[in-house]
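Below: the structure, in structure tokens.
Excluded from the calculations below are hydrogen atoms, water molecules and symmetry mates; all remaining heavy atoms, backbone and side chain alike, are included.
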Amino acid sequence: MDLSKYHQKRDFDSTTEPKGEIKKSKNELIFVVQKHAASHLHYDFRLEMDGVLKSWAIPKGPSMNPEEKRLAIMVEDHPYDYKDFEGTIPEGNYGAGSVIVWDSGTYALANEQDEGKIANKFKSDLKEGHLSFILKGKKLKGEFALVRLKIKQKNAWLLIKKDDQYASETDVLKKNKSVISGLTLEDIEK
């Protein structure tokens, strides 16, 4: 796991994004979803693994409906400290625009509870292009999968909600406030 691409893309003299370093949660693995009004509105889905946040940009945002598969483009790893980042990335910087923490919580890999084996399973599943995990968030709950598409663009994945007791046709994106500050993107922009 490496933060070099993250650091290369940012000028920390002009952005308040955390420079960060590789570090881990003390207990359960965390996930975070950040709503990001950059050149295009999208949601950044991040799973902690080996001291970084593995990250995917989801243009249409996550869904709790198993019928709605969402495109997820894998991007550079982010530092663990990015999990709490809210604010505005100034114009002229990579990812310029406002960011809120739309959801956060913990996760576990489906069918793997042994902490010692989780990292190896995650890396193996990531390499194979199929991750199954259970989210325990404030908005996103239950089992999901990330599945890499078999096309030339190797960073294209699908985020899929599994059909479980948390599945719903209700649009979860209507819950548009930060789980940290209670602010909307519009509030941050002001």
Side-chain angles (χ1 to χ4, degrees), residues 6 9-10 15-18 20 25 28-49 52-91 93-109 131-147 155-162 164-190:
Y6 172 84
K9 292 181 175 188
R10 287 161 180 83
T15 182
T16 59
E17 294 170 281
S25 295
E28 296 179 274
L29 296 169
I30 61 106
F31 84 93
V32 65
V33 180
Q34 287 159 310
K35 188 174 180 181
H36 188 175
S39 56
H40 296 9
L41 178 67
H42 66 279
Y43 292 73
D44 293 308
F45 182 79
R46 309 187 196 286
L47 296 172
E48 175 192 355
M49 183 48 54
V52 299
L53 299 174
K54 301 302 280 182
S55 300
W56 290 262
I58 304 173
K60 292 186 177 181
S63 174
M64 293 297 288
N65 185 344
E67 300 297 317
E68 296 177 349
K69 295 169 178 61
R70 298 298 172 100
L71 179 65
I73 304 298
M74 192 172 204
V75 297
E76 76 276 6
D77 293 347
H78 281 56
Y80 177 83
D81 290 336
Y82 211 92
K83 68 184 177 46
D84 300 316
F85 177 71
E86 289 192 322
T88 299
I89 302 167
E91 285 297 320
N93 284 276
Y94 176 77
S98 298
V99 177
I100 61 169
V101 176
W102 180 80
D103 195 19
S104 66
T106 60
Y107 83 96
L109 293 181
L131 294 164
S132 289
F133 45 89
I134 298 163
L135 298 180
K136 297 176 227 161
K138 295 169 183 73
K139 297 175 186 176
L140 300 178
K141 298 178 187 308
E143 191 170 349
F144 287 79
L146 274 164
V147 180
N155 63 340
W157 297 63
L158 290 177
L159 178 66
I160 304 164
K161 173 72 183 106
K162 299 290 183 138
D164 60 17
Q165 74 262 29
Y166 299 107
S168 171
E169 292 182 15
T170 302
D171 185 0
V172 71
L173 300 179
K174 289 186 177 179
K175 297 178 181 179
N176 66 346
K177 292 186 177 180
S178 163
V179 296
I180 291 179
S181 65
L183 299 173
T184 65
L185 272 178
E186 294 74 25
D187 296 331
I188 294 281
E189 288 169 3
K190 291 176 187 172

*Is the shortest heavy-atom distance from the side chain of Lys141 to the side chain of Lys136 under 4.5 Å?*
no
*Please check if atom NZ in Lys177 has more than 12 non-hydrogen atoms from other residues, nucleotides or ligands closer than 6.0 Å.*
no
_Nearest non-hydrogen partners of Leu47 and Leu146, listed with the distance_ = CD1-CD1, 4.3 Å
*Begin with the C-alpha distance, continue with both residues' side-chain angles, and end with the deciding distance and a verdict on salt bridge (Lys or Arg N to Asp or Glu O under 4.0 Å) for Lys9 and Glu76.*
CA-CA 10 Å; Lys9 292 181 175 188; Glu76 76 276 6; 3.2 Å; yes
*Report the distance from atom CG of Asp187 to atom OG of Ser181, rounding to the nearest 0.5 Å.*
8.0 Å
*Do the ring planes of Trp157 and Trp56 sit parallel (below 30°), tilted (30 to 60°) or perpendicular (above 60°)?*
perpendicular
*Take the angle between the ring planes of Tyr82 and His78 and call it parallel below 30°, perpendicular above 60°, tilted in between.*
perpendicular
*asked:* Taking the side chain as everything from C-beta on, heavy atoms only, tell me whether Pro66 gets closer than 4.5 Å to Lys162.
replied: no
*Would a 4.5 Å heavy-atom cut-off, applied to side chains only, mark His42 and Ile58 as touching?*
no
*Please examine the side chains of Ile89 and Glu17, heavy atoms only from C-beta on, and report whether any two atoms are closer than 4.5 Å.*
yes
*At their closest point, which heavy atom of Val179 faces which heavy atom of Trp102, and how far apart are they?*
CG1-O, 3.2 Å
*Mind checking the NZ-OG spacing from Lys139 to Ser104? Nearest 0.5 Å is all I need.*
9.0 Å
_To the closest 0.5 Å, what do you measure between CG (Leu173) and CG (Asp171)?_
4.5 Å
*asked:* A cation-pi test, strictly: NZ or CZ of Lys35 under 6.0 Å from the centre of the six-membered ring of Tyr43 and no more than 45 degrees from its axis. Yes or no?
replied: no
_Ser55 side chain reached by Tyr6 side chain, heavy atoms, under 4.5 Å_ = no
*Between Lys54 and Met74, which heavy-atom pair has the shortest distance, and what is it?*
CE-CE, 3.8 Å
*Are the side chain of Gln34 and the backbone N or O of Phe85 linked by a donor-acceptor pair below 3.5 Å?*
yes
*Minimum heavy-atom distance between His36 and Asp44, given as atom pair plus value*: ND1-OD2, 3.2 Å
*Given side chains that start at C-beta, do those of Thr184 and Ile100 come closer than 4.5 Å, heavy atoms only?*
no
*Is His40 reaching over with its side chain to a backbone N or O of Ala38, donor-acceptor style, under 3.5 angstrom?*
no
*Rounded distance (nearest 0.5 Å) linking atom NZ of Lys60 with atom CG of Leu41*: 12.5 Å
*In Å and rounded to the nearest 0.5 Å, what is the CD1 to OG1 distance from Ile134 to Thr106?*
10.5 Å
*Residues Asp84, Ile180; criterion side-chain contact (heavy atoms from CB on, under 4.5 Å); working and verdict*: CA-CA 8 Å; Asp84 300 316; Ile180 291 179; 3.9 Å; yes
*Looking only at heavy atoms, what is the nearest atom pair of Val32 and Lys83, with distance?*
CG2-O, 3.5 Å
*With a 4.5 Å heavy-atom cut-off, do Ser63 and Arg70 have their side chains touching?*
yes
_Donor-acceptor pair, distance only, cut-off 3.5 Å: does the side chain of Thr88 make one with the backbone of Pro90?_
no
*Does one side chain, of Ser25 or Glu48, offer a donor that lies under 3.5 Å from an acceptor on the other?*
yes
*Please test Lys138 against Asp103 for side-chain contact (heavy atoms from CB on, under 4.5 Å), starting from the C-alpha separation and ending with a verdict.*
CA-CA 6 Å; Lys138 295 169 183 73; Asp103 195 19; 3.4 Å; yes
*Is there a side-chain contact (heavy atoms from CB on, under 4.5 Å) between Tyr80 and Ile30 once you walk through the steps?*
CA-CA 9 Å; Tyr80 177 83; Ile30 61 106; 3.8 Å; yes
*Atom pair CD1 (Ile188) and OG (Ser178), whose distance is rounded to the nearest 0.5 Å*: 7.0 Å
_Taking CD in Glu169 as the centre, count heavy atoms belonging to other residues, nucleotides or ligands within less than 6.0 Å. Is the count above 12?_
no
*Which heavy-atom pair separates Asp164 from Gly142 by the least distance, and what is that distance?*
OD2-CA, 3.3 Å
*Worked check of side-chain contact (heavy atoms from CB on, under 4.5 Å) between Met49 and Tyr107*: CA-CA 11 Å; Met49 183 48 54; Tyr107 83 96; 3.6 Å; yes
